[in-house]
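The structure appears below as structure tokens.
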Amino acid sequence: METYIVSFEINRPYEEWLTHFEQSRPGLDQADIAVLFRGPRKDDPSKVCVILQAHEGEVDKFMKANEPMIAASGHILESTLVDVYKS
């Protein structure tokens, strides 16, 4: 298992991004990706952190396959920082 800490900027209000993110949950579930946390930075709602847990490589595959949908949510792809931890 791997734990992903993904941080990025958004160009829409957080609540609008969250709606898009929640609509992607069936795809995440299907890929066996668990969402442990998602939320805006306390002092800057244009910065978001998502913590995911999945089998090795599954998050990378999901993000690559769904890049257009992720970008349409307001997620600024080039701002994405990912830290991966093994468990």
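For clarity, every value in this text was computed on a predicted model and none was experimentally measured.
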| request: Could you list all the side-chain hydrogen bond (donor to acceptor under 3.5 Å, both in side chains) pairs where at least one residue sits in residues 33-42, not counting sequence neighbours? | output: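 Sorted pair list: Glu22-Arg38, Arg41-Asp43.
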| How about His55 and Asp32: do any of their side-chain heavy atoms sit closer than 4.5 Å? |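 In short, these two side chains touch, coming nearer than 4.5 Å.
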| query | Do Leu28 and Arg25 have side-chain heavy atoms sitting under 4.5 Å apart? | reply |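 Counting from C-beta outward, Leu28 and Arg25 do come under 4.5 Å.
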| field | Within one Ile-Leu-Val-Met-Phe-Trp-Tyr cluster: Leu18 and Met63, side-chain cutoff 4.5 Å | value |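 Yes; Met63 is reachable from Leu18 via cluster members.
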| Given a cutoff of under 4.5 Å between side-chain heavy atoms of I, L, V, M, F, W and Y, with clusters grown through shared members, what are the other residues clustered with Tyr85? |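 Its cluster mates, by chain and number, are Ile5, Leu36, Phe37, Ile51.
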List the residues meeting side chain to side chain contact (heavy atoms under 4.5 Å, CB included) with [X], not counting sequence neighbours, and say none if there are none.
{"X": "Lys86", "result": "Glu2, Glu56"}
{"X": "Ser7", "result": "Leu81"}
{"X": "Ala31", "result": "Ile33, Phe62"}

| query | What residues, two or more places apart in sequence or in another chain, satisfy salt bridge (Lys or Arg N to Asp or Glu O under 4.0 Å) together with Glu15? | reply |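 Not a single residue meets the salt bridge (Lys or Arg N to Asp or Glu O under 4.0 Å) criterion with Glu15.
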Residues forming a side-chain hydrogen bond (donor to acceptor under 3.5 Å, both in side chains) with [X], sequence neighbours excluded:
{"X": "Asn66", "result": "none"}
{"X": "Ser79", "result": "none"}
{"X": "Glu9", "result": "none"}
{"X": "Lys47", "result": "none"}

Heavy atoms only: give me the nearest [X]-[Y] pair and the separation to one decimal.
{"X": "Tyr14", "Y": "Pro40", "result": "CZ-CD, 3.5 Å"}
{"X": "Asp44", "Y": "Ser46", "result": "OD1-OG, 2.6 Å"}
{"X": "Leu77", "Y": "Thr80", "result": "O-OG1, 2.8 Å"}
{"X": "His20", "Y": "Ala72", "result": "CE1-O, 4.0 Å"}

| Partners meeting ring-ring contact (aromatic ring centres under 6.0 Å, His included) with Phe8 (sequence neighbours left out) |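 Testing Phe8 for ring-ring contact (aromatic ring centres under 6.0 Å, His included), a comparison that skips the adjacent residues, returns Trp17, His75.
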| Roughly how far apart are Met1 CE and Glu58 CD, rounded to 0.5 Å? |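 Reported to 0.5 Å precision, the distance equals 10.0 Å.
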| Do Val35 and Phe21 pass the side-chain contact (heavy atoms from CB on, under 4.5 Å) test, and can you show the C-alpha distance, the side-chain angles, and the key distance before you say yes or no? | CA-CA 11 Å; Val35 178; Phe21 181 80; 3.9 Å; yes
| query | Which pairs pass salt bridge (charged side-chain N to carboxylate O under 4.0 Å, His left out) with one or both residues in residues 68-83, sequence neighbours excluded? | reply |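 Residue pairs passing salt bridge (charged side-chain N to carboxylate O under 4.0 Å, His left out), neighbours aside: none found.
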